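Scroll down for the structure; my scribbles are underneath it.
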Amino acid sequence: MHQPILSNYPLPTRLALLGAFAAFIRAGQHQPANKQVSAQTVLLALRAISQTHMLDGQPDPLADEKGQRHILLRRQIENYRRHDPPPKRKLALPHIAIKYLNVTRADNNPRYQAIHDLCTIAWFYLLRVGEYTQTTQTARRRTIQFRLEDVTLWNHTQVLHSTLPLQTLLSQCTAATLRISNQKNGRRNQVIHQEATRDVTCPIAAIIRRVHHIRQHTSDPATMLGTYLTGHKHVAKQVTVTDITTALKNTVQVLGLSRYNITPADISSHSLRAGGAMALHLGGVPAHTIKILGRWSSDTFLLYIQEQITGFSAGLSTQMSSTPLTPNAAIKPTLRLLPS
């Protein structure tokens, strides 16, 4: 294009260019895989064009004379949306999987120790995967991983220093707080707090093991919590999303959870956050408390667990059958017997 400012083109030409660009993105021709993308991805690409023009002081090229997205573009996106496959959300991971990961925790392998501990922490603290795993160097994201300095260990109301011996921390620590520097929703300096359970899946013990392992090799407070050091040279590495997902899929396979309609294909790193939310809900924790702990700004946590509707529907049929026949409780229906 010799003229990058689309508003300089007549409307038919502008719509043709935008429609062709949308089709180009839809077909995945902007990426090496050439794989069709969703309608939402196309919409984001078109919004980027709008924002670029408006930031340059130009009119929105996607808008009609009323300032709305032109009907032809709306219909094109809607057509893509109708042909998109239904979303298949990953299932929530039950507590038995976290127990298995802790029981089989390898004491002589720093990598697997880190993976299993992080799975436990993420499940109990409802963490986003980007908050405890490494991303690529080129990826741009708002969420920052938890660091050593973001962890506070408590003995009731007293702060415990993280340099104390491992067994001292494990015996005296009653709770742990994670402070969030920056996260997906843009909120800073939020904290999440959990107490010790004193069992094999205790999330506080998992945090202590992470802190102790890192402290053995470095005192840098900015060290990521997902860091582990391995080999005789103590090379620092970080747990990745693939590491977490692989461990969870293997766990589901070994435990035979397919009998509960949970297969490895249904599981990803997001299943930890969903599993914690599911456990809280089935434990009778109010929805607003789950939202606070998971730092959701809406009821989107329900989308994480809607596939496993069994827990949600428990008791609903009884409640439905006991509902009065009339919607207005002030009206008392009278049943009359017909003469025989």
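Excluded from the calculations below are hydrogen atoms, water molecules and symmetry mates; all remaining heavy atoms, backbone and side chain alike, are included. A quick note: this is a predicted structure, and the numbers were derived from the prediction, not measured.
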Show the numbers, then the answer: is there a side-chain hydrogen bond (donor to acceptor under 3.5 Å, both in side chains) between Thr218 and Asp220? CA-CA 6 Å; Thr218 179; Asp220 182 4; 5.2 Å; no

Carefully, step by step, assess Asp56 and Ile5 under the rule side-chain contact (heavy atoms from CB on, under 4.5 Å). CA-CA 10 Å; Asp56 193 48; Ile5 304 300; 4.1 Å; yes

side-chain contact (heavy atoms from CB on, under 4.5 Å) evaluation trace for Arg69 with Arg47: CA-CA 10 Å; Arg69 187 170 293 111; Arg47 285 176 180 171; 4.1 Å; yes

The test is side-chain contact (heavy atoms from CB on, under 4.5 Å); show your working for Asp150 and Thr177 and say whether it passes. CA-CA 8 Å; Asp150 297 324; Thr177 301; over 6 Å; no

Show, in sequence, the C-alpha distance, side-chain angles and deciding distance for Leu248 and Leu101, and conclude whether the side-chain contact (heavy atoms from CB on, under 4.5 Å) test is met. CA-CA 9 Å; Leu248 298 182; Leu101 287 170; 4.0 Å; yes

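Side-chain contact of Asp243 with Thr133: a donor-acceptor pair under 3.5 Å is absent, judged by distance alone. His161 and Thr163 are linked by a side-chain donor-acceptor pair at a separation below 3.5 angstrom, with hydrogens and angles left out of the test.
Note on Trp296: it does not cluster hydrophobically with Ile292, by side-chain heavy-atom contacts below 4.5 Å among ILVMFWY residues. Under the 4.5 Å side-chain contact rule for hydrophobic residues, Leu93 and Val200 do not share a cluster. Linking Ile, Leu, Val, Met, Phe, Trp and Tyr whenever their side-chain heavy atoms come within less than 4.5 Å leaves Leu17 and Leu44 in two separate clusters. Taking hydrophobic clusters as Ile, Leu, Val, Met, Phe, Trp and Tyr residues chained together by side-chain heavy-atom distances below 4.5 Å, Met54 does not share a cluster with Leu43. In this structure, Tyr100 is a member of the same hydrophobic cluster as Tyr260, with clusters built from ILVMFWY side-chain heavy atoms closer than 4.5 Å.
Panel note: side chain Thr289, backbone Val285; no donor-acceptor pair is recorded below 3.5 Å. Of the possible polar contacts, none joining the Thr223 side chain to the Leu148 backbone as a donor-acceptor pair under 3.5 Å is found. The backbone N or O of Ala48 lies less than 3.5 Å from no partner atom in the side chain of His53, so there is not a single donor-acceptor pair. Asn109 contributes a side-chain N or O that, together with a main-chain N or O of Arg111, makes up a donor-acceptor pair within less than 3.5 Å. A donor-acceptor pair under 3.5 Å is formed between the side chain of Lys249 and the backbone N or O of Pro264. Without hydrogens or angle criteria, Thr245 side chain to Val241 main chain gives a donor-acceptor distance under 3.5 Å. The closest donor-acceptor contact from the side chain of Asp64 to the backbone of Gly67 lies under 3.5 Å. Side chain of Ser271 to backbone of Leu91: a donor-acceptor contact under 3.5 angstrom is found. The backbone N or O of Thr263 sits less than 3.5 Å from a side-chain atom of Asp266, completing a donor-acceptor pair. Distance alone, capped at 3.5 Å, is enough to place a donor-acceptor pair between the Arg259 side chain and the Gly256 backbone.
Looking at Arg128 and His270, their side chains never come closer than 4.5 Å, going by heavy atoms from C-beta outward. Considering only heavy atoms from C-beta on, Val239 stays 4.5 Å or farther from Gln134 through its side chain. When side chains are defined from C-beta on, Pro221 does not count as touching Arg147, because their heavy atoms never get closer than 4.5 Å. Here the side chains of Thr174 and Arg198 are in contact, with some heavy-atom distance below 4.5 Å. Counting heavy atoms from C-beta on, the side chains of Leu118 and Phe146 never come closer than 4.5 Å. Contact of the Gln29 side chain with the Asn34 side chain is registered, since non-hydrogen atoms from C-beta on lie closer than 4.5 Å. In this structure, Cys119 and Leu272 have side chains that are in contact, with non-hydrogen atoms separated by less than 4.5 Å.
For Pro61 against Ile49, the heavy-atom pair with the smallest separation is CG-CG2, 4.0 Å. Heavy-atom minimum distance, Glu149 versus Arg179: O-NH2, 4.2 Å. When all heavy atoms are compared, the tightest approach of Ile208 to Leu166 is CG2-CD1, 3.7 Å. Annotation for Thr120 and Pro203: closest pair CG2-CA, 4.0 Å, computed over non-hydrogen atoms. Heavy atoms only, all atoms of each residue included: Ala265 and Lys90 are closest at O-NZ, 2.9 Å. Taking each heavy atom of Gly226 and Arg210 in turn, the nearest pair found is C-NH1, 4.4 Å.
One distance of note links CD1 of Ile207 with CG of Leu225; it measures 7.0 Å at 0.5 Å rounding. Interatomic distance, CD1 of Ile25 versus OG1 of Thr41, reported as 9.0 Å (0.5 Å rounding). Considering CG of Leu15 and CG of Leu62, their distance stands at 8.5 Å, rounded to 0.5 Å. With values rounded to the nearest 0.5 angstrom, Gln113 atom CD is found 11.5 Å from Tyr228 atom OH. Rounding to the nearest 0.5 Å gives a distance of 9.0 Å between CG of Leu153 and CG of Leu164. Atoms CZ and CD1, on Arg295 and Ile180 in that order, are 3.5 Å from each other to the nearest 0.5 Å.
Within 6.0 Å of the CG atom in Leu11, the count of heavy atoms belonging to other residues, nucleotides or ligands exceeds 12.
Cluster partners of Val159 are Trp154, counting Ile, Leu, Val, Met, Phe, Trp and Tyr whose side-chain heavy atoms approach within less than 4.5 Å, directly or via other members. In the hydrophobic clustering, Met224 connects to no other residue, as no ILVMFWY side-chain heavy atoms lie under 4.5 Å from its own.
Residue pairs satisfying the salt bridge (charged side-chain N to carboxylate O under 4.0 Å, His left out) criterion with at least one member in residues 24-42, sequence neighbours excluded, are listed as follows: Arg26-Asp84. The salt bridge (charged side-chain N to carboxylate O under 4.0 Å, His left out) pairs that include a residue from residues 11-21 number zero, where partners must be two or more places apart or lie in different chains. Sorted by first and then second residue, the pairs that involve residues 101-125 and meet ring pair (Phe, Tyr, Trp, His ring centres under 6.0 Å), not counting sequence neighbours, are His95-Trp123.
Using a 4.0 Å cut-off between charged side-chain N and carboxylate O, Arg105 and Asp117 make a salt bridge. In this structure, Arg75 does not pair ionically with Glu78, as no charged nitrogen and carboxylate oxygen lie closer than 4.0 Å. Between Glu131 and Arg273 no salt bridge is recorded (no basic side-chain N to carboxylate O distance below 4.0 Å).
Partners of Ser269 under the side chain to side chain donor-acceptor pair (under 3.5 Å) rule, at least two apart in sequence or in another chain, do not exist in this structure.
Results of the side chain to side chain donor-acceptor pair (under 3.5 Å) test with Tyr80 over Gln76, His83, Arg82 single out Gln76 as the only residue that passes.
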